[in-house]
Amino acid sequence: LAKTTQPISMDSYEGQEVNITCSHNNIATNDYITWYQQFPSQGPRFIIQGYKTKVTNEVASLFIPADRKSSTLSLPRVSLSDTAVYYCLVGDGVTGGGNKLTFGTGTQLKVEL
Amino acid sequence: DSGVTQTPKHLITATGQRVTLRCSPRSGDLSVYWYQQSLDQGLQFLIQYYNGEERAKGNILERFSAQQFPDLHSELNLSSLELGDSALYFCASSVGDRGYTEAFFGQGTRLTVV
């Protein structure tokens, strides 16, 4: 089971770019890296997913180095509404083993004016 | 709206009682996951079903059980409830059963045990 390590919290201001790094040293060959966002009392919401290099969608970018032992979620020009907990997950891509979708402690991002 | 429906939204019950939480996955999704989130424990994975079969098990207590029915909806049964079982219970669904499939979460059921 690939374990992830993220900073517990981060602070930023509106309009800034925020980069949250996740460490996953024992990631398996078949594992994907996925990031979720969670607001208080709501279910987590998928942000972005990648396997290697860089992935970009309308809300974020995900940078994954060649060794895949870490990944960085980049949120461009954050706003107050981006204040949330961000989770990095590494999929248990084990044949027939199911998918435990294990969430770590996440990173509490606080965006201020 | 994620397309995942959980009922009820709120539930208040007494210690020692039994409750059933229900989850309807998104149309076409075969996997259902259950999570418990309490203030001091974060999001704890409980169990996953895929097309009616149990696929992965997390830290689910023996007092808790779940199943996925032929129509793919799932139920989480919690019995002999204790005060510490008070939490938000989330259901999620995905098309596949691997780590590279996006999961969609419901709005949760808030369980309060008094």
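Throughout, a chain's letter reflects where its sequence line sits, starting with A, and its residues are numbered from 1.
Under a cut-off of 6.0 angstrom, the local environment of CD in A:Gln16 is crowded, with over 12 non-hydrogen atoms contributed by other residues, nucleotides or ligands. Annotation for B:Leu83: atom CG counts as buried by contact number, over 12 foreign heavy atoms lying within 6.0 Å. The environment of B:Asn59 atom CG is sparse: at most 12 non-hydrogen atoms of other residues, nucleotides or ligands sit within 6.0 angstrom. A:Glu112 CD: more than 12 foreign heavy atoms inside a 6.0 Å radius. Annotation for A:Phe39: atom CZ counts as buried by contact number, over 12 foreign heavy atoms lying within 6.0 Å.
In this structure, no portion of A:Tyr51 lies under 4.5 Å from any heavy atom of chain B. The contact between B:Phe90 and chain A is made entirely by side chain atoms (from C-beta outward), counting heavy-atom distances below 4.5 Å. There is no contact between B:Gln6 and chain A, counting heavy-atom distances below 4.5 Å.
By the side chain to side chain contact (heavy atoms under 4.5 Å, CB included) test, A:Asp11 pairs with A:Lys110, sequence neighbours left out.
Between chain A and the options B:Ser2, B:Cys91, B:Ser31, B:Ala103, the largest number of non-hydrogen pairs under 4.5 Å is found for B:Ala103.
Ring to ring, B:Phe105 and A:Phe46 are not that close: their centroids are 6.0 angstrom or more apart.
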Pair A:Gln49-B:Glu102, side chain to side chain contact (heavy atoms under 4.5 Å, CB included): steps then yes or no:
CA-CA 8 Å; A:Gln49 183 179 74; B:Glu102 177 182 347; 5.7 Å; no
May I have the step-by-step check of side chain to side chain contact (heavy atoms under 4.5 Å, CB included) for B:Gln107 and A:Ser41, ending in yes or no?
CA-CA 8 Å; B:Gln107 288 301 300; A:Ser41 298; over 6 Å; no
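Proximity of a side-chain donor or acceptor of A:Tyr87 to a complementary backbone N or O of B:Leu43 within less than 3.5 Å is not detected.
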Which atom pairs, donor and acceptor, lie under 3.5 Å between side-chain atoms of residues 12-21 of chain B and protein residues at least two apart or in another chain?
from	atom 1	to	atom 2	distance (Å)
B:Thr20	OG1	B:Asn77	OD1	2.7

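Within the model, atoms CZ of A:Phe103 and CD of B:Gln44 stand 11.5 Å from one another, a figure rounded to the nearest 0.5 Å.
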